[in-house]
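Order of the sequence lines fixes the chain letters, A, B, ..., with proteins taken first and strands second; residue numbering starts at 1 for each chain.
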4 protein chains.
Amino acid sequence: MTTRSPGRPRSEEAHAAILDASIALIREMGYDAVTMEAIAARAGVGKATVYRRWTSKELLVTEAVGRIVSTIPVPDTGSAEGDVLVFMRAATSMYRDPATSALLSGLVAAMARSERVAGAVRMGFVARWREGVRLVLRRGVARGELRADVDVELALDVLAGPAFYRYLMLGVVIDDRFTRAVVSTVLRGLASAR
Amino acid sequence: MTTRSPGRPRSEEAHAAILDASIALIREMGYDAVTMEAIAARAGVGKATVYRRWTSKELLVTEAVGRIVSTIPVPDTGSAEGDVLVFMRAATSMYRDPATSALLSGLVAAMARSERVAGAVRMGFVARWREGVRLVLRRGVARGELRADVDVELALDVLAGPAFYRYLMLGVVIDDRFTRAVVSTVLRGLASAR
Amino acid sequence: MTTRSPGRPRSEEAHAAILDASIALIREMGYDAVTMEAIAARAGVGKATVYRRWTSKELLVTEAVGRIVSTIPVPDTGSAEGDVLVFMRAATSMYRDPATSALLSGLVAAMARSERVAGAVRMGFVARWREGVRLVLRRGVARGELRADVDVELALDVLAGPAFYRYLMLGVVIDDRFTRAVVSTVLRGLASAR
Amino acid sequence: MTTRSPGRPRSEEAHAAILDASIALIREMGYDAVTMEAIAARAGVGKATVYRRWTSKELLVTEAVGRIVSTIPVPDTGSAEGDVLVFMRAATSMYRDPATSALLSGLVAAMARSERVAGAVRMGFVARWREGVRLVLRRGVARGELRADVDVELALDVLAGPAFYRYLMLGVVIDDRFTRAVVSTVLRGLASAR
DNA sequence: TCCTAAGCGAGACGGTACGTCCAGTCTTCGT
DNA sequence: ACGAAGACTGGACGTACCGTCTCGCTTAGGA
């Protein structure tokens with residue numbers, strides 16, 4: 001029942017080669033130094049083949065990055081704080097991995113330029129991360145660890161924001177001490193009154 | 001006693017015209033679409049005249065933006081929460097003003113590219129904002145409103161981060177309700193036990 | 001009696017469609033602006049189908065043009081000059097017909113690029129034209145109108161060259177007055193002394 | 001009194017380097033294989049510098065060729081036939097010199113494509129050649145060698161056309177025997193009756 | 001009053017990357 | 001086994017900016 005368009009189908013090899021080349025070049029030279037020309041050359045592919053799939057460097061890179069970011073299974077450590085920490089560590093590890101950290105600032109700029117890129121990023125790992133943390137926070141409420149009137153969306157922002165700000169604005173390394181401090185400070189604000 | 005270099009002095013008119021043109025173009029087209037070529041043309045100035053003063057678009061824009069961002073006198077509303085709110089509102093108003101909001105993402109990218117730009121931004125309004133909030137938080141500790149062992153630097157990140165993240169990553173408008181919710185949630189985490 | 005072979009009868013249709021499309025596009029856009037891509041699209045045919053039959057644009061166009069150029073029966077007007085004029089008018093009409101005139105310069109370039117194209121053109125209407133004029137000149141010699149020692153091949157060049165040069169090099173319209181003047185001038189040079 | 005346009009003047013070195021590179025590449029690879037990219041690279045010049053002066057490959061090449069074609073001083077051998085032969089030999093030497101012969105067919109195509117190129121060529125060596133031959137023919141008329149009612153423009157076409165046609169259409173080498181035969185045949189047609 | 005130095009607007013310079021187009025070849029499916 | 005459709009590699013196209021470099025000119029201070 002699948003409608004099949006005529007003509008030669010797009011090559012999955014080329015597709016993969018382009019994504020691989022993108023990731024490799026980003027790691028080697030950083031986001032800004034990467035050019036479509038170089039990606040095509042590295043992938044052993046004509047430029048038109050790249051443009052046929054991705055209309056901009058940003059969209060291509062967004063998808064390439066999506067490949068790196070792993071999906072985190074929802075944990076159950078017994079406490080809301082422990083569960084949240086798992087997600088926090090997954091997120092902050094992005095700020096330390098050269099493959100993704102070098103990318104983040106360029107991605108932010110690309111999102112501001114293009115609503116398509118912004119949409120792709122938000123529906124990708126941003127949405128996955130938020131969905132995971134949302135679940136463990138709700139579980140914390142259900143268990144009575146967190147106040148019943150907790151504003152979950154706000155909590156997500158207050159958890160994610162500090163490291164994001166610290167890394168991009170202050171240019172400071174995000175270590176585990178900081179991560180734990182953020183979590184404990186925020187969860188204290190959400191905790192149910194004893 | 002001032003050593004006076006020979007030759008024609010730099011034109012202050014040109015200087016101002018360049019900064020004005022930069023701001024105008026950023027407002028009109030966004031940070032990324034602005035080119036040095038266009039700035040020079042708009043300012044009615046040769047390109048060399050621009051490069052003689054600023055070696056990169058980022059540095060120029062940083063200075064141009066510095067002109068817009070105002071200095072906030074340290075307030076005293078009677079409560080730490082009230083004082084913090086004053087600073088928070090000054091910061092979040094930047095996310096709503098087209099002149100600065102359109103700029104932020106590009107600036108983040110520029111900071112990642114250039115340590116000079118990063119330094120200029122951090123020592124500019126970032127430092128001023130943090131210094132102000134630092135003062136009111138310390139006053140809150142002194143008054144006994146906040147716990148004595150509060151990690152002030154962490155608190156600054158947790159206050160500033162959420163709106164920054166929300167604006168750049170989620171692309172959502174930062175309204176006053178959100179600002180107040182962040183402040184009250186964070187300060188609850190820092191409050192001294194009854 | 002019709003053989004019932006499956007999925008084949010397109011062949012001659014495609015062949016004709018391609019030639020028709022070639023001629024139409026040449027008339028519309030001139031030789032150089034025509035692309036194999038456009039020919040295939042206009043003919044409603046895949047590019048491979050075109051390449052399967054003609055390995056280059058030049059060969060295809062050569063054949064297409066061969067269709068237009070008609071064969072001239074050897075005339076007998078009673079005088080060598082009259083006979084030659086018939087052939088000359090056939091030739092110069094090509095310089096006026098948009099279908100062939102727009103083609104000529106491109107064909108010349110293609111002939112220089114490719115010996116195959118050159119061969120095809122020379123053995124086609126060039127040879128036919130020369131053969132015809134050769135005959136009437138020889139008849140003129142036999143009749144005593146022209147000198148016995150006439151260099152016929154040279155005469156062919158001197159007859160054909162002027163209009164060819166005038167059209168391609170000077171970009172001037174070839175009218176019948178010019179044609180008659182060339183013929184009369186040349187034949188005067190070949191005429192037998194009283 | 002010469003008005004001087006502002007800004008840095010165009011570099012004459014670059015100008016010459018581009019023309020030299022064009023000529024060298026044409027000799028090495030032929031007209032069609034030459035690319036603007038290669039010309040710029042060979043000249044050690046940016047592509048924009050080429051396009052700033054010549055908007056198309058054809059115009060550039062036309063000018064480059066103009067440099068090769070030499071100006072012929074009007075001869076006086078004592079007879080119209082001798083004078084004409086001097087010009088004919090200058091012209092036909094172009095068909096033998098690889099630097100110009102490889103170029104001619106492409107130039108013809110370019111002239112058909114672009115009125116600017118056509119104009120440049122016609123006003124260049126075409127006009128110079130015709131002017132020269134025109135003079136010696138008129139002198140022949142004045143001396144009584146040629147008929148008083150000679151159509152000089154027609155004579156120019158009949159002289160120039162045969163070799164042009166023979167070279168481009170028949171792809172045959174133009175030797176001196178042919179040149180002399182054309183001249184003597186044509187001048188016989190123009191000669192005054194004894 | 002002239003001289004020297006540096007600034008000025010203008011725009012050309014050598015480069016790099018862009019995104020488009022076409023050439024000629026190579027699959028895929030449908031008939 | 002052929003046909004159309006269309007993707008493939010490859011490479012030139014002409015444009016836009018980059019940051020630097022002349023030009024002829026202005027604007028100052030010091031000789």
Listed once per pair and sorted, the salt bridge (charged side-chain N to carboxylate O under 4.0 Å, His left out) pairs that draw on residues 6-16 of chain D, sequence neighbours left out: none
task: Run the numbers on Val50(C) and Lys47(C) for side chain to side chain contact (heavy atoms under 4.5 Å, CB included), then give the verdict.
output: CA-CA 5 Å; Val50(C) 180; Lys47(C) 275 203 288 177; 5.6 Å; no
For residues 99-112 of chain D, please give each side-chain donor-acceptor pair under 3.5 Å, one per line with the distance, not counting sequence neighbours.
residue   : atom : partner  : partner atom : Å
Thr100(D) : OG1  : Met94(D) : O            : 2.9
Thr100(D) : OG1  : Asp97(D) : O            : 3.2
Ser101(D) : OG   : Asp97(D) : O            : 3.1

Please table the atom pairs, donor to acceptor, closer than 3.5 Å between any side-chain atom in residues 14-24 of chain D and protein atoms at least two apart or in another chain.
residue  : atom : partner  : partner atom : Å
His15(D) : ND1  : Arg53(D) : NH1          : 3.1
Ser22(D) : OG   : Ile18(D) : O            : 2.7

message: Can you see if the side chain of Arg53(C) gets near the phosphate of dC2(F) - specifically, an N or O under 4.0 Å from OP1 or OP2?
response: no
message: Before you tell me yes or no, could you show the steps for Glu58(D) and Arg113(D) under side chain to side chain contact (heavy atoms under 4.5 Å, CB included), namely the whole-Å CA-CA distance, both residues' side-chain angles and the distance that decides it to 0.1 Å?
response: CA-CA 9 Å; Glu58(D) 285 80 17; Arg113(D) 263 197 295 272; 2.9 Å; yes
message: What is the distance, to the nearest angstrom, from the CZ atom on Arg52(C) to the P atom on dA1(F)?
response: 13 Å
message: If you assign each of Lys57(B) and Lys57(D) to its closest nucleotide in DNA chain F, which residue comes earlier from the 5' end?
response: Lys57(D)
- request: Mind running a 4.0 Å heavy-atom check of residues 35-49 of chain A against DNA chain F and sending the residues that fall below it, in number order?
  value: Gly44(A), Val45(A), Gly46(A), Thr49(A)
Validation row: Val34(B), Glu28(B) side chains within 4.5 angstrom (heavy atoms): no
- line: Arg8(B) atom CZ is separated from dT27(F) atom P, nearest whole Å, by 6 Å
statement: Tyr51(D) OH to dA17(E) P, in whole Å, measures 18 Å
message: Any residue in residues 9-20 of chain D with a heavy atom nearer than 4.0 angstrom to DNA chain F? Just list them by number, or reply none.
response: Pro9(D)
task: Would you sort out whether Thr62(D) and Trp54(D) count as a side chain to side chain contact (heavy atoms under 4.5 Å, CB included), showing the intermediate values?
output: CA-CA 10 Å; Thr62(D) 304; Trp54(D) 296 277; over 6 Å; no
Partners meeting side-chain hydrogen bond (donor to acceptor under 3.5 Å, both in side chains) with Arg116(D) (sequence neighbours left out): Thr55(D)
task: Could you go through the side chain to side chain contact (heavy atoms under 4.5 Å, CB included) check for Thr35(B) and Lys57(B) one step at a time?
output: CA-CA 8 Å; Thr35(B) 66; Lys57(B) 186 170 81 168; over 6 Å; no
- prompt: Rounding to a whole Å, what distance do you find between Leu59(C):CG and dA23(E):C1'?
  reply: 15 Å
task: Would you kindly give the CE-to-C1' distance between Met29(A) and dA17(E), to the nearest whole Å?
output: 12 Å
- prompt: Quick one: Leu25(B) CG to dC17(F) P, roughly how many Å, whole number?
  reply: 12 Å
